[in-house]
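What you are looking at is a predicted structure, and each value in this text was computed from that prediction instead of being measured. Per chain, numbering begins at 1; letters A, B, ... match sequence-line order.
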Amino acid sequence: MTENTQAKIWDKAYIPKDVEDRWVSRWAEAGIFNAHSRGEKSYSLVIPPPNVTGALHIGHALNNTIQDFLARKERLLGKDVCWVPGTDHGGIATQTVMEKILKTENASRRALGRKAFAQRMESWTIDCKKTILGQLKKLGCSLDFSREAFTMDEKRKNAVFAAFKKLWDDGFLYRGERLVNWCVRCGTALSDIEVEHEERKGNLWHIRYKEVSGGPGLVVATTRPETMLGDVAVAVHPEDKRYQSLIGKKLFLPLVNREIPVIADGFVDSSFGTGAVKVTPAHDPNDFEMGERHQLPRIKVISFSGKITEEGGVYAGLSREEARKKILQDLELKGFLEKTEPHPHAVGVCYRCQEIIEPLLSWQWFVKMGELSSPAVKALDEGRFKIYPKSWENPYRDWLKNIRDWCVSRQIWWGHEIPVWYCLQCNPIDENSSFHQIPNLKGVVSRGKPENCRVCGSVNFLQDPDVLDTWFSSALWPFSVFGWPEMGEDFKRYYPTQILVTGYEIIYLWVARMQMMGLYLTGNVPFSESFIHGIVRDRKGKKMSKSLGNVVDPLQMMEKYGTDALRFSLISQARPGKDIVFSEDSLIAGRNFTNKLWNTARFALMNAAGLPEKIETQDLALEKLDAADVWILSEYQEMSRSVKEDIKNYNLADAAEKMYGFLWDRFCDWYVEIAKLRLQGSDSESKKTAFTVLITVLIGMLKMLHPLMPFVTEEIYSVLKDWDTSPADFLINSSFSPGPQIKMTEENQKGMAALIEAVSSLRSLRSGLGIPPGLKIPVLCKSEKSLESGFLKKNLSYLEALMGAQSVSFLNSTESVPARSAAAVTPHFTFYVPLEGLIDFKKESERLRKELGKVESDLNKLSQKISDPNYILKASPEDVSETRLLHQTVLSKKSRLEELLKVLS
RNA sequence: GCCCAGUUGGCGCAGUGGUAGCGCGUUCCCUUGACAUGGGAAAGGUCAUAGGUUCAAAUCCUAUACUGGGCACCA
């Protein structure tokens with residue numbers, strides 16, 4: 001076997017670099033991840049498209065590892081998996097990145113102009129996509145790379161237009177003047193969920209507004225004194241006794257000297273501040289509503305660039321910050337400022353640039369959400385859509401139920417153009433004014449410039465200069481990638497998808513909107529399940545961010561520890577509802593595990609000489625198996641059953657942990673050690689059986705671990721595959737088998753447990769007494785007649801080898817033990833090591849006394865328990881008998897220890 | 001402010017009523033032919049606090065504290 005020879009020169013340690021690149025290209029050449037490559041049943045999922053803002057970070061690595069785990073797992077189960085790759089144009093985020101680049105070149109978006117800017121974005125995007133897709137390949141992602149999509153490519157443009165058109169036709173779109181969240185830095189409106197709230201230090205300033213009639217008036221409390229320039233009223237609670245006499249009276253607005261009324265409105269909370277609120281309808285959402293209720297004017301004093309407008313009189317032209325400073329100074333000077341108290345409060349900031357959001361009045365496009373959200377709520381309630389972990393379902397439902405209209409227009413350049421055209425004849429448009437300030441426009445929806453105006457016949461049109469929220473195209477992603485609005489073969493086969501894997505930070509921004517749009521546009525939930533994972537934090541639990549400088553580059557980690565190690569580390573910490581604390585320690589664990597697997601395979605190969613080159617299933621017939629074989633096969637079955645269950649519930653960390661534990665603690669530490677005796681022994685039948693079991697479990701593990709660690713498993717499989725019962729070109733094309741159905745006898749099960757216990761306990765004895773591990777010692781054993789003792793006698797050679805014993809001799813109850821010997825006491829056995837010269841008996845009695853102490857405290861608890869009549873009466877009979885048995889065992893252990901101590905003293 | 005989750009050995013986490021576990025780290029022994037990215041052994045926790053339910057509580061209930069998250073924000 002040539003591959004065998006090659007394998008013999010395998011390195012002692014697994015070196016990922018050599019292996020990974022090779023498999024990435026071999027998988028690509030073979031096209032094994034392309035859709036339509038197998039099977040009847042399909043399984044599809046779409047990647048959350050990363051923004052083309054740069055390289056992928058560790059969070060992307062987590063997200064895509066989880067998806068790849070699922071995709072590979074489903075392929076191993078024989079499904080035709082279609083996992084669609086792609087990227088998102090990323091709207092504001094990407095435009096911001098480009099603007100920063102331009103700044104370093106002393107250029108700017110405006111200086112460049114819209115066309116040149118678009119070209120610049122184009123080439124940036126191409127580079128960025130290349131980087132991202134390259135990284136996904138390196139991560140081992142089994143995406144169908146022939147299907148790469150981009151939220152702004154031609155097909156996705158079709159989908160965006162179709163969606164927009166339908167929303168328009170159905171009356172879900174409108175252009176209206178609202179108080180929107182305006183980011184002064186980005187120069188655009190944002191939707192409500194694009195605003196984050198941050199606790200910031202601030203003050204509550206108390207300002208006196210005097211009565212026109214000369215009375216003292218009242219004091220208002222505000223966190224934003226600069227907006228007072230736009231005040232049009234002061235509101236108090238209608239039942240607030242302090243202000244009854246003032247309601248309806250006029251006040252002088254300080255500094256401005258405008259006359260404003262005192263109004264009564266139930267919105268006001270009398271217990272906060274002074275109980276009197278200045279009302280600025282043009283710059284505060286609540287005041288806006290009060291303004292509506294009381295028909296108050298709206299005076300805009302802050303402009304879209306964040307500066308005070310002409311309405312601000314002497315303050316015009318100042319920035320928000322400067323104006324605040326100046327106004328406070330002036331108020332102080334003129335005696336209007338009565339008090340300044342510290343008042344930390346949350347301010348809205350832009351989710352992209354953290355600039356403080358300014359609520360400003362402007363004309364924007366909105367999608368009416370009410371009717372769109374209720375089908376999504378229904379889908380959740382009826383179980384057609386499930387969220388894992390379930391704890392996200394309530395916040396998701398609540399958000400949908402309280403949804404507000406979605407502002408979809410953005411005053412930026414990078415994005416899908418709004419397909420609305422305005423006849424210049426019918427709409428008097430002043431080209432110099434900001435578009436979002438032009439009221440009451442009448443437009444038509446059209447992909448390209450309309451022929452002529454249906455009203456006046458004019459051929460002069462202007463397209464809406466704004467672009468759509470980037471999440472608008474993202475919302476269509478699960479079906480736009482399959483060609484919607486065309487419903488071709490791919491759409492029919494792969495839509496709806498099965499699962500969407502994403503982080504909780506975009507449940508509302510993305511998941512909810514996909515559900516709503518999917519239901520509205522295709523009549524189906526776009527995915528029936530969503531797995532929500534946490535975010536990766538730094539060692540101190542802080543969110544990773546470029547500004548904090550605590551970001552981890554996944555490529556660096558892959559370079560250092562191997563991709564499989566990174567994948568293992570991420571998955572084994574991805575517990576439902578929990579964030580991941582990143583540390584290199586966990587990568588070390590991953591690397592070590594990879595190496596362990598590697599060396600298990602090396603061990604198998606090193607012992608393959610002279611053994612059959614094919615596995616015969618009859619070699620696994622029950623009568624050929626010995627106790628250890630039965631034990632490991634049965635453990636293997638139990639583990640794979642349990643892992644399957646975990647994966648079904650998306651408990652991937654549990655699954656990873658169980659596979660790790662099985663391979664390392666049971667397979668390597670016990671089975672392989674036992675198998676060594678047989679593989680190096682002279683019984684050729686036993687040798688063959690041991691090898692067959694070894695290789696069967698190992699190949700099974702390669703398949704089970706493949707979704708977790710695709711590279712090392714593929715590399716090993718390529719060498720071992722001839723021993724697979726049905727060898728495949730690649731692991732992904734192989735079929736998983738849980739091994740022969742084995743039912744372990746009670747004797748086998750208890751016996752193996754006792755064997756392990758006996759060996760561990762003797763090792764502990766040796767270590768405690770400082771007996772060198774290499775020294776072969778004679779061991780004597782006393783025991784009651786039991787299942788366990790029968791088992792140990794039958795498997796004496798294992799016991800001796802694992803204990804490092806010259807021999808283990810069983811004594812009958814009448815035979816006496818050498819007076820001065822050390823002993824290991826297990827529930828069923830006492831093992832004696834009669835090596836006078838080697839044993840420090842002082843140390844030994846110390847050791848025994850310590851153990852006796854433990855046993856006594858255990859016994860105390862147990863005695864108390866079984867002597868409690870209430871316990872006997874109320875606990876289940878099974879439990880009581882179990883406890884009694886345990887009590888007996890511990891009692892026997894105690895008396896044996898005491899006896900030993902007596903002899904020693 | 002309301003709601004949800006978490007609080008377990010130095011660190012990261014399992015553990016939903018019946019004698020507290022895992023990984024990493026630490027200490028000691030071992031470089032014997034799979035693996036020192038290894039093997040063996042050991043130390044280390046009154047399971048945040050206070051009550052309660054129960055024969056029995058890390059586990060169920062209540063309150064408090066702290067942490068994280070979601071929602072709403074009072075100017």
Side-chain angles (χ1 to χ4, degrees), chain A residues 10 12-14 197 204 220-224 227 234-235 267-280 284-287 290 343 345-346 348 389 391-392 394-396 398-399 402 504-505 507-508 534 537 539 541 561-562 565 572-573 575 577-586 588-607 653-654 657 660-661 664-665 668-669 672-673 676 680 759-760 763-768 770-774 804 857-862 865 868-876 879-880 882-883 886-887 890:
Chain A
W10 274 7
K12 269 170 75 166
Y14 172 64
H197 295 273
L204 198 57
V220 301
T222 179
T223 56
R224 297 206 58 195
T227 62
V234 168
F267 164 80
V268 179
D269 174 0
S270 334
S271 66
F272 185 86
T274 59
V277 187
K278 58 194 260 335
V279 181
T280 325
D284 181 281
N286 293 314
D287 294 5
M290 272 199 273
H343 177 68
H345 63 285
S391 53
W392 276 109
N394 280 338
Y396 170 85
D398 291 348
W399 187 79
N402 299 312
Y504 57 75
E505 69 273 21
I507 290 179
Y508 310 133
R537 296 172 176 276
R539 214 166 345 120
Y561 300 101
S572 61
Q573 294 178 89
R575 297 192 177 274
K578 287 225 164 182
D579 285 344
I580 289 176
V581 178
F582 180 87
S583 80
E584 286 198 39
D585 285 349
S586 132
I588 292 172
R591 180 201 58 183
N592 294 354
F593 183 52
T594 318
N595 192 57
K596 190 73 179 175
L597 181 65
W598 176 259
N599 274 288
T600 315
R602 281 183 75 221
F603 173 78
L605 277 172
M606 284 171 154
N607 288 283
D654 282 344
E657 194 177 87
Y660 179 102
W664 204 309
D665 303 339
C668 289
D669 286 354
V672 169
E673 291 307 315
K676 271 181 188 170
Q680 285 146 20
V759 170
S760 302
R763 282 173 179 167
S764 173
L765 174 93
R766 293 180 73 125
S767 176
I771 302 173
S857 101
D858 282 354
L859 193 67
N860 268 348
K861 279 186 220 159
L862 288 167
K865 202 164 166 182
D868 181 349
N870 278 322
Y871 171 68
I872 307 293
L873 207 67
K874 294 189 180 170
S876 77
D879 197 88
V880 174
E882 246 174 67
T883 310
L886 193 64
H887 179 258
V890 176

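Remark: C1' of B/rA56 and NZ of A/Lys861 are 13 Å apart, rounded to the nearest angstrom. Protein atom CG of A/Leu873 is 14 Å distant from nucleotide atom C1' of B/rA56, rounded to whole Å. Atom NE2 in A/His197 sits roughly 15 Å away from atom C1' in B/rC2 (whole-Å rounding). Regarding A/Asp879, its CG atom lies at a distance of 11 Å from the C1' atom of B/rC55, rounded to whole Å. Atom CG of A/Asn592 and atom P of B/rG23 are 12 Å apart (whole Å). One interatomic measurement links the two molecules: CG of A/Asp654 to C1' of B/rC13, which rounds to 10 Å at whole-angstrom precision. The separation between A/Leu862 atom CG and B/rU19 atom P is 9 Å, rounded to whole Å. In this structure, the CZ atom of A/Arg602 is 6 Å from the C1' atom of B/rA34, given to the nearest Å.
With both pairing distances under 3.5 Å, B/rG68 is matched to B/rC4 as a Watson-Crick or G-U wobble pair. Pairing of B/rA75, defined by two Watson-Crick or G-U wobble distances under 3.5 Å, is not identified with any nucleotide. In this structure, B/rA42 and B/rU26 make a Watson-Crick or G-U wobble pair, each of the two defining distances being under 3.5 angstrom. Base pairing of B/rA36 is not made with any nucleotide, judged by Watson-Crick or G-U wobble geometry with both donor-acceptor distances under 3.5 Å. Summarising the base pairing, B/rA20 is matched to no nucleotide, lacking a Watson-Crick or G-U wobble pair whose two defining distances lie under 3.5 Å.
Using a 4.0 Å heavy-atom distance criterion, A/Asp269 is classed as a base contact. Residue A/Asp398 is classed as having no contact, given no heavy-atom separation below 4.0 Å to the nucleic acid. Among the heavy atoms of the strands lying under 4.0 Å from A/Lys874 is at least one base atom, whether or not backbone atoms are also near. Counting non-hydrogen atoms under 4.0 angstrom, A/Asp669 reaches the backbone sugars and phosphates but no base. As judged by a 4.0 angstrom heavy-atom cut-off over every strand, A/Arg591 is placed among the base-contacting residues. Contact annotation for A/Trp399: no contact, since no heavy-atom pair falls under 4.0 Å across all strands. A/Glu673 comes within contact range of at least one nucleobase, with a heavy-atom separation under 4.0 Å. A/Lys676 comes within 4.0 angstrom of a base, heavy atoms only. Note on A/Tyr508: only backbone sugar-phosphate atoms sit closer than 4.0 angstrom, heavy atoms only; bases stay farther off. No contact: A/Leu204 has no heavy atom under 4.0 Å from any strand. Nucleic acid contact for A/Ser583: none, since no nucleic acid atom lies under 4.0 Å from a heavy atom of the residue. Among the atoms of the strands shown, none is found under 4.0 Å from any heavy atom of A/Arg539. A/His343 comes within 4.0 angstrom of sugar-phosphate atoms only, judged by non-hydrogen atoms across all strands, and of no base. Here A/Val890 lies out of heavy-atom contact (under 4.0 Å) with every strand.
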**OP:** Mind running side chain to side chain contact (heavy atoms under 4.5 Å, CB included) on A/Met290 and A/Asp284 for me, showing each step along the way?
**Re:** CA-CA 10 Å; A/Met290 272 199 273; A/Asp284 181 281; over 6 Å; no
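Ring pair A/Tyr14/A/Trp598 is tilted by interplanar angle, where 30° to 60° counts as tilted. The aromatic rings of A/His343 and A/Phe272 sit perpendicular, their planes meeting at an angle over 60°, well past the 30° parallel limit.
Of the candidates B/rA41, B/rG70, B/rA34, B/rA34 carries the atom nearest the A/Cys668 side chain, counting heavy atoms from C-beta on. Considering only the side chain of A/Tyr660, B/rG23 comes nearest among B/rG23, B/rC35, B/rG69. Comparing B/rG69, B/rA34, B/rG23 by their nearest atom to the side chain of A/Gln680 picks out B/rA34. Each of B/rA75, B/rG69, B/rG38 was ranked by its minimum atom distance to the side chain of A/Trp392; first place goes to B/rG69. Nearest to the side-chain atoms of A/Asn599 among the listed nucleotides B/rC35, B/rA75, B/rC30 stands B/rC35. Of the candidates B/rU19, B/rC55, B/rA41, the closest approach to any side-chain atom of A/Ser767 belongs to B/rA41. The A/Ser764 side chain lies nearest to B/rA41 when the options are B/rA41, B/rG70, B/rA75. Side-chain proximity of A/Phe267 to B/rU37, B/rA41, B/rA75: nearest is B/rA75. Listed candidates were B/rG68, B/rU19, B/rG12. Nearest to the side chain of A/Asp858 is B/rU19. Taking the side chain of A/Thr600 as heavy atoms from C-beta on, and the options B/rG12, B/rG38, B/rA34, the nearest nucleotide is B/rA34.
Look at the P atom in both B/rC55 and B/rC13: the space between them is 37 Å, to the nearest Å. A distance of about 11 Å separates the C1' atoms of B/rA58 and B/rU7, rounded to the whole Å. Between B/rA43 and B/rG68, the two C1' atoms lie 33 Å apart (nearest whole Å). Taking atom C1' in both B/rG9 and B/rU46, one finds a spacing of 13 Å when rounded to whole Å. Rounded to whole Å, the P atom of B/rG12 lies 29 Å from the corresponding atom of B/rA57. With P as the reference atom, B/rU54 and B/rU16 are 23 Å apart, rounded to whole Å. B/rU27 and B/rG21 are spaced 24 Å apart, taking the P atom of each and rounding to whole Å. Spacing of P atoms, B/rA48 relative to B/rA20, comes out at 15 Å, to the nearest Å.
Heavy atoms only, all atoms of each residue included: A/Arg766 and A/Gly804 are closest at NH1-O, 3.1 Å. In this structure, A/Cys668 and A/Thr600 approach most closely via the heavy-atom pair SG-OG1, 3.4 Å. Between A/Thr883 and A/Lys865, the shortest heavy-atom contact is CG2-CD, 4.2 Å.
In this structure, the side chain of A/Asn595 does not engage the main chain of A/Arg591 through any donor-acceptor pair within 3.5 Å.
Each of A/Asp665 and A/Arg575 has a nearest nucleotide on RNA chain B; the 5'-most of these lies closest to A/Arg575. When each of A/Asp579 and A/Gly774 is assigned the nucleotide of RNA chain B bearing its nearest heavy atom, the one mapping closer to the 5' terminus is A/Asp579.
Side chain A/Lys596 to base B/rC35: a donor-acceptor pair is found below 3.5 Å.
Side-chain contact between A/His345 and A/Leu204 is absent, with no heavy-atom pair separated by less than 4.5 Å. Side-chain contact check for A/Leu859 versus A/His887: some heavy-atom pair is nearer than 4.5 Å.
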